[in-house]
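Remember, predicted model here, so these are calculated numbers, not experimental data.
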Amino acid sequence: MGSRGRTIAIAVTAASLALVGCTNTDGTSNQTGTGAIIGGLTGAAAGQVIGGDTKATVIGGAIGAAVGGAIGAQMAAQERELRRSLAGTGADVTNTGSQLRVILPESVTFRTASSVVDPGFRPALRAVSESLRQHPNSTVRVIGHTDNVGSAAYNNQLSQERAMAVARELIAAGTSAARITVSGRGFYEPITSNASAAGRAQNRRVEIVITPTN
């Protein structure tokens, strides 16, 4: 292995070890720290490719860490805002470190077999749209999912229609349509087993996936 390869390997190992330690005192992930480490690793690797020396690696790592840390902080702030505005609605918010995922269960978003958003849930979607407008530097994917009851064709169509219905609510509340993509996955991406009624209920959902762009 050449000196460049050894430098990148060392950076990967260091970042991997640091990621293990990126936790808050309550045991939850520290997304700001995680973003800084991921950004630093990406910048270091880019520095090696572009500059081909240790100085470029250090500079690239520093820049990447700063950018990654800023994105992580923005995501953490948006996560807190979304959790606060969606409290009690039945929606759930997950921060993966690279994306925010707002999970909308069928039980609160739609009536059975319907693709019309329940009027009582529209204020929650307006709150999501407000958050998206306050944090404009991201793309938004709206993805529909179903359980495995019924044919594949039926579930594909229902999941697509539900995703479209949620997207329309976001757009009507002020989110730019240019930021949103929509897809229906039918029953092909369950989050748990469809063998029980409780599992099928969890699988019937729409996810709003927010990915920072800078």
Side-chain angles (χ1 to χ4, degrees), residues 19 22-39 67-110 115 117-147 159 162-177 179-185 189-192 198-214:
L19 280 170
C22 267
T23 56
N24 296 314
T25 55
D26 62 359
T28 59
S29 296
N30 182 334
Q31 303 300 350
T32 302
T34 300
I37 289 170
I38 292 173
V67 172
I71 291 174
Q74 291 169 14
M75 288 179 62
Q78 187 174 13
E79 177 191 9
R80 289 192 297 270
E81 294 166 8
L82 283 168
R83 287 187 181 279
R84 186 164 55 247
S85 62
L86 295 176
T89 66
D92 186 42
V93 181
T94 299
N95 187 337
T96 70
S98 59
Q99 296 174 327
L100 293 176
R101 305 180 78 92
V102 182
I103 301 173
L104 315 176
E106 177 206 53
S107 59
V108 298
T109 316
F110 301 97
S115 60
V117 174
D118 191 298
F121 196 71
R122 286 174 180 158
L125 291 177
R126 287 196 291 271
V128 174
S129 182
E130 173 63 20
S131 175
L132 292 173
R133 288 188 288 118
Q134 292 296 322
H135 300 271
N137 296 322
S138 63
T139 60
V140 183
R141 287 186 297 141
V142 183
I143 309 170
H145 301 271
T146 65
D147 61 23
S159 65
R162 284 181 167 179
M164 285 294 300
V166 169
R168 283 194 294 267
E169 293 288 338
L170 295 177
I171 293 167
T175 301
S176 170
R179 295 173 63 187
I180 299 177
T181 59
V182 177
S183 63
R185 303 291 173 82
E189 295 182 6
I191 54 176
T192 189
R200 290 191 294 275
Q202 290 185 58
N203 290 330
R204 297 190 298 267
R205 69 201 189 279
V206 172
E207 295 188 8
I208 301 172
V209 182
I210 305 164
T211 305
T213 55
N214 57 52

message: With heavy-atom distances below 4.5 Å as the criterion, would you say the side chains of L132 and I180 are in contact?
response: no
- request: Can you measure from CG (L104) to NE2 (H145) and round to the nearest 0.5 angstrom?
  value: 10.5 Å
field: Atom pair OG1/CZ of T109 and R205 - distance to nearest 0.5 Å
entry: 12.0 Å
task: List for me each residue that meets side-chain contact (heavy atoms from CB on, under 4.5 Å) alongside S107, sequence neighbours excluded, and say none if there are none.
output: P105
field: Residues which pass side-chain contact (heavy atoms from CB on, under 4.5 Å) with R122, listed by chain and number, not counting sequence neighbours
entry: V116, V117, P119, R126, E169
query: Taking C-beta and beyond as the side chain, do V93 and N95 meet within less than 4.5 Å on heavy atoms?
result: no
Pairs touching residues 99-109 that satisfy salt bridge (Lys or Arg N to Asp or Glu O under 4.0 Å), sequence neighbours left out: R101-E207, E106-R162, E106-R204
query: Is there a side-chain contact between V108 and T89, using heavy atoms and a 4.5 Å cut-off?
result: no
query: Looking only at heavy atoms, which two atoms of I171 and A177 are closest? And how far apart?
result: CD1-CB, 3.7 Å
query: Do I208 and V140 have side-chain heavy atoms sitting under 4.5 Å apart?
result: yes
query: Once you round to the nearest 0.5 Å, how far does CD1 of I210 lie from CZ of R141?
result: 11.5 Å
Counterpart residues, side-chain hydrogen bond (donor to acceptor under 3.5 Å, both in side chains), relative to R80 (two or more places apart): none
- request: Compare all side-chain heavy atoms of V102 with those of L86 and state whether any distance is below 4.5 angstrom.
  value: yes
field: Reported CG-to-CZ distance for the pair L100 and R83, which is rounded to 0.5 angstrom
entry: 9.0 Å
- prompt: Does F110 reach the side chain of V166, with side-chain heavy atoms less than 4.5 Å apart?
  reply: yes
statement: side-chain hydrogen bond (donor to acceptor under 3.5 Å, both in side chains) filter on R179, not counting sequence neighbours, yields S138
query: Which residues satisfy the salt bridge (Lys or Arg N to Asp or Glu O under 4.0 Å) test with R185, sequence neighbours excluded?
result: E189
task: Output yes when E81 and R84 qualify as a salt bridge under the 4.0 Å nitrogen-oxygen rule, no when they do not.
output: no
- request: Check salt bridge (Lys or Arg N to Asp or Glu O under 4.0 Å) between D118 and all other residues, then give those that pass, not counting sequence neighbours.
  value: R111
query: Rounded to the nearest 0.5 Å, how far apart are CD1 of I143 and OG1 of T181?
result: 7.5 Å
- prompt: Could you give the distance from OG1 (T192) to CG (N203), rounded to the nearest 0.5 Å?
  reply: 6.5 Å
- prompt: At their closest point, which heavy atom of G144 faces which heavy atom of A163, and how far apart are they?
  reply: N-CB, 3.6 Å
field: Residue list, side-chain hydrogen bond (donor to acceptor under 3.5 Å, both in side chains) with Q78, at least two apart or on another chain
entry: S131
- line: Sorted by chain and number, sequence neighbours left out, side-chain hydrogen bond (donor to acceptor under 3.5 Å, both in side chains) with T146 holds for N155
